[in-house]
There are 2 protein chains.
Amino acid sequence: MATGRRAEKMEETRAKLIAAARKAFAEKGFAAASMDDLTAAVGLTRGALYHNFGDKTGLLAAVVHQIDADMAARAREIGQRKDGLWEALMAEGAAYIEMALNPEVQRIVLRDGPAFLGDPSQWPSQNACLAATMEVLEALIADGTVEPLDIEATARLLNGAALNAALWIAASEDPEATLPRARGAFERLATGILARKP
Amino acid sequence: MATGRRAEKMEETRAKLIAAARKAFAEKGFAAASMDDLTAAVGLTRGALYHNFGDKTGLLAAVVHQIDADMAARAREIGQRKDGLWEALMAEGAAYIEMALNPEVQRIVLRDGPAFLGDPSQWPSQNACLAATMEVLEALIADGTVEPLDIEATARLLNGAALNAALWIAASEDPEATLPRARGAFERLATGILARKP
DNA sequence: CAGTTTGCATACGGCTCGTATGTGAGTCGC
DNA sequence: GCGACTCACATACGAGCCGTATGCAAACTG
């Protein structure tokens with residue numbers, strides 16, 4: 001394929017800009033981050049940015065996409081590492097909670113993302129995370145562990161609960177102490193979908 | 001108290017500015033809303049704004065506070081209208097979901113608010129909503145309907161789930177059809193905290 | 001009724017974004 | 001192997017917005 005010197009360099013500048021943006025957006029927030037400063041930090045100008053990403057929100061979208069992809073991959077990996085399906089579901093929930101503790105994730109994906117890119121439930125990567133949860137749910141129902149129910153609705157609420165738990169933890173004074181509380185409450189709520197033992 | 005012509009007028013301009021901001025922020029979003037346009041729409045200038053609210057985010061905070069107060073009052077009222085405690089909890093959850101369907105609430109409180117005012121779990125009004133849920137939970141535990149558990153953690157996750165459900169509904173193509181699904185999943189999850197019948 | 005306070009308007013500076021234009025290195029046809 | 005073309009990126013410019021400093025007139029005070 002040979003890619004060519006041209007495209008190769010371009011991919012490198014894209015990567016540099018995204019990396020710089022990840023840092024700047026996380027530190028100052030999207031609105032307060034100056035594109036001049038951001039590009040200068042990696043030895044470029046706004047010209048490169050507008051050529052590669054269209055506009056400022058285009059760069060944000062690229063950054064969010066990258067972070068989201070990382071998260072989805074990690075969640076899937078963690079889920080597959082567990083043997084029991086139910087344990088996998090709980091582990092995925094816990095993984096979401098822990099990942100959302102990352103300040104970068106919080107600021108960029110959870111706070112600025114929705115404000116400047118629109119509702120997150122439309123984002124492709126979010127749907128990937130959701131799909132992972134839905135898969136596990138489906139298996140759990142086939143398996144009899146969980147009573148038949150609205151898979152999508154349940155998956156969305158579970159993810160939402162986990163997400164909110166993460167925000168709470170991050171804002172708390174003692175995150176280390178809050179995390180197990182959130183985990184516990186999450187698992188407690190989740191038992192609501194378990195099949196009643198006769 | 002006599003308030004005085006001065007303070008009376010000032011309260012009026014504050015109200016006018018908040019009302020205009022509510023409209024502008026909901027339509028264009030906080031970042032894209034021009035303070036010049038916004039103030040001119042009610043026959044004022046930015047001078048009035050900076051005198052009354054300090055800066056742009058100060059106005060946003062005032063708007064969010066007003067909307068949140070409305071929401072908390074409504075949720076409380078709906079909860080008290082029900083007789084059973086469990087029914088009250090479910091009704092409050094449903095109320096949150098329905099209120100978050102309001103585009104104004106979505107855009108200003110759920111999307112722009114966190115981005116420009118910081119984490120919502122710090123907002124006074126959010127704590128009010130949470131307090132309402134926690135009260136009901138406490139009563140339910142004393143009552144035996146619900147097993148003892150971490151009240152705050154559970155309340156936060158319940159509210160988070162409801163909130164996320166609302167976002168999902170609003171983004172869906174057929175909100176009318178999605179609402180009952182979200183409600184059902186919410187109630188299903190909530191049963192996780194019910195005491196096991198011996 | 002004179003002096004002070006103050007709610008709001010006006011004027012200004014600085015920063016930011018997006019576009020329009022320039023340029024030099026890489027690429028392709030012959 | 002060389003000239004023309006492409007295109008990634010830099011530079012230059014205009015417009016808009018925010019926050020502050022200043023001005024003014026109406027309302028309060030004694």
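Residue numbering restarts at 1 for every chain, and letters A, B, ... go by the order of the sequence lines.
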Measure the distance from [atom1] on [X] to [atom2] on [N] and round it to the nearest whole Å.
X	N	atom1	atom2	result
A:Asp36	D:dA12	CG	C1'	12 Å
A:Leu59	C:dC17	CG	C1'	13 Å
A:Met10	D:dA8	CE	P	4 Å
A:Lys16	D:dA8	NZ	P	16 Å
B:Arg14	C:dC8	CZ	C1'	14 Å
A:Arg46	C:dT21	CZ	P	17 Å
B:Phe116	D:dC18	CZ	C1'	13 Å
B:Glu11	C:dT6	CD	P	16 Å

Between A:Asp55 and A:Thr57, is any side-chain donor less than 3.5 angstrom from a side-chain acceptor?
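Side-chain D/A pair, A:Asp55 to A:Thr57: present.
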
Is the closest side-chain donor-acceptor distance between A:Gln106 and A:Arg111 under 3.5 Å?
no

Taking the side chain of [X] as heavy atoms from C-beta outward, which of [options] is closest to it?
X	options	answer
A:Asp37	C:dG18, C:dT16, D:dT20	C:dT16
A:Ala48	D:dC17, C:dG18, D:dC9	D:dC9
A:Leu44	D:dG19, D:dC9, D:dC17	D:dC9
B:His51	D:dC9, C:dT6, C:dA9	C:dT6
B:Tyr50	C:dT16, D:dA12, D:dT20	D:dT20

Taking the inter-plane angle between the rings of B:Phe25 and B:Phe30 on a 0 to 90° scale, is it parallel (under 30°), tilted (30 to 60°) or perpendicular (over 60°)?
perpendicular

Base, sugar-phosphate alone, or nothing: which one does [X] contact when heavy atoms must sit under 4.0 Å apart?
X	answer
B:Ala33	sugar-phosphate
A:Leu49	nothing
A:Ser34	sugar-phosphate

Phosphate OP1/OP2 of C:dT10: any B:Thr45 side-chain N/O under 4.0 Å
no

Phosphate-side-chain proximity, A:Asn52 and D:dA8, N/O vs OP1/OP2 below 4.0 Å
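No, because none of the side-chain N or O atoms of A:Asn52 sits under 4.0 Å from OP1 or OP2 of D:dA8.
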
Is it true that A:Arg181 and B:Glu152 have a side-chain N and a carboxylate O under 4.0 angstrom from each other?
yes

Between A:Arg188 (side chain) and B:Gly192 (backbone), is there a donor-acceptor pair under 3.5 Å?
yes

Comparing nearest nucleotides in DNA chain C, the 5'-proximal residue of the pair A:Gly47, A:Met35 is A:Met35

